[in-house]
Amino acid sequence: RYIEQHPGSVVLTLKVPITQAVFLRMDDWNKVLNLRYIGETAEEELAFAKKLEKNGVRYEGDIYTTPFYPMLKSELVKSWQGLFRYDACIKQTGDIPYPDMQAGLWCIDKQWIAE
């Protein structure tokens, strides 16, 4: 769905055992890349945003990139542990809970490359 093909690019089709993939939401990965909070719910994310506002933080990434907010930074980084929160459930049920789910691989085994 999200593959971009450019001239000269090659797309590999893989048959990967489900146990060898790690599942995550693209939306959550973008939050990590943009130094944003991953909440369990939208309400939790809103509560964190209000906490930032109360502390005078205009840009969420500032709590990570500056030394001024160590407690908020700790809370932010801890939230990133939620990145793989859907992995076990997907492996157990095979159900994909969101349309923006992705699978990550730590390596590619030659045997997985489909002909």
Side-chain angles (χ1 to χ4, degrees):
R1 181 179 195 176
Y2 299 104
I3 291 178
E4 293 182 22
Q5 288 190 289
H6 302 283
S9 66
V10 176
V11 176
L12 291 177
T13 301
L14 305 174
K15 292 187 180 208
V16 180
I18 196 167
T19 58
Q20 298 301 309
V22 61
F23 295 92
L24 60 137
R25 281 192 73 186
M26 185 172 66
D27 183 56
D28 288 342
W29 178 235
N30 283 332
K31 287 176 184 172
V32 173
L33 293 176
N34 290 297
L35 307 176
R36 297 189 59 222
Y37 185 85
I38 298 176
E40 286 291 322
T41 63
E43 292 80 17
E44 187 180 316
E45 290 183 4
L46 182 60
F48 188 74
K50 286 181 180 181
K51 189 184 296 188
L52 296 181
E53 186 178 324
K54 182 180 173 184
N55 282 279
V57 178
R58 287 192 227 159
Y59 170 62
E60 199 167 354
D62 286 345
I63 64 175
Y64 188 84
T65 59
T66 66
F68 306 119
Y69 311 99
M71 299 301 285
L72 291 172
K73 179 180 180 177
S74 174
E75 197 172 338
L76 171 72
V77 172
K78 186 177 179 186
S79 81
W80 296 342
Q81 293 175 5
L83 181 62
F84 302 117
R85 61 188 157 171
Y86 303 105
D87 183 66
C89 183
I90 291 171
K91 287 176 178 172
Q92 197 170 49
T93 66
D95 294 333
I96 305 297
Y98 295 97
D100 68 337
M101 297 302 299
Q102 295 185 338
L105 303 173
W106 302 114
C107 67
I108 297 176
D109 189 314
K110 248 183 168 176
Q111 299 173 61
W112 302 341
I113 301 173
E115 306 254 344

Considering residues, nucleotides and ligands other than Tyr59, do more than 12 of their heavy atoms fall under 6.0 Å from its OH?
yes
Would you say [X] and [Y] are hydrophobically clustered, going by side-chain heavy atoms of ILVMFWY under 4.5 Å?
X	Y	result
Leu46	Leu52	no
Leu33	Tyr64	yes
Ile108	Ile18	no
Val57	Met71	no

For Tyr86, run the ring pair (Phe, Tyr, Trp, His ring centres under 6.0 Å) check against Trp29, Phe23, Tyr98 and tell me which one passes.
Tyr98
Shortest non-hydrogen contact from [X] toward [Y]:
X	Y	result
Val22	Leu24	O-CD2, 3.8 Å
Met101	Ile90	CE-CD1, 3.4 Å
Pro70	Pro67	CD-O, 3.9 Å
Tyr37	Glu75	CE1-O, 3.9 Å

Criterion side chain to side chain contact (heavy atoms under 4.5 Å, CB included) on Ile63 and Asn55, from CA distance to verdict
CA-CA 10 Å; Ile63 64 175; Asn55 282 279; over 6 Å; no
Point-to-point distance, once rounded to the nearest 0.5 Å, from [atom1] of [X] to [atom2] of [Y]:
X	Y	atom1	atom2	answer
Gln102	Asp27	CD	CG	10.5 Å
Met26	Asp28	CE	CG	11.0 Å
Glu60	Asn34	CD	CG	9.5 Å
Phe84	Ile38	CZ	CD1	9.0 Å

Between [X] (side chain only) and [Y] (backbone N and O only), is there a donor and an acceptor less than 3.5 Å apart?
X	Y	answer
Lys91	Ala21	yes
Ser9	Gln5	no
Glu45	Gly39	yes
Trp80	Arg36	yes

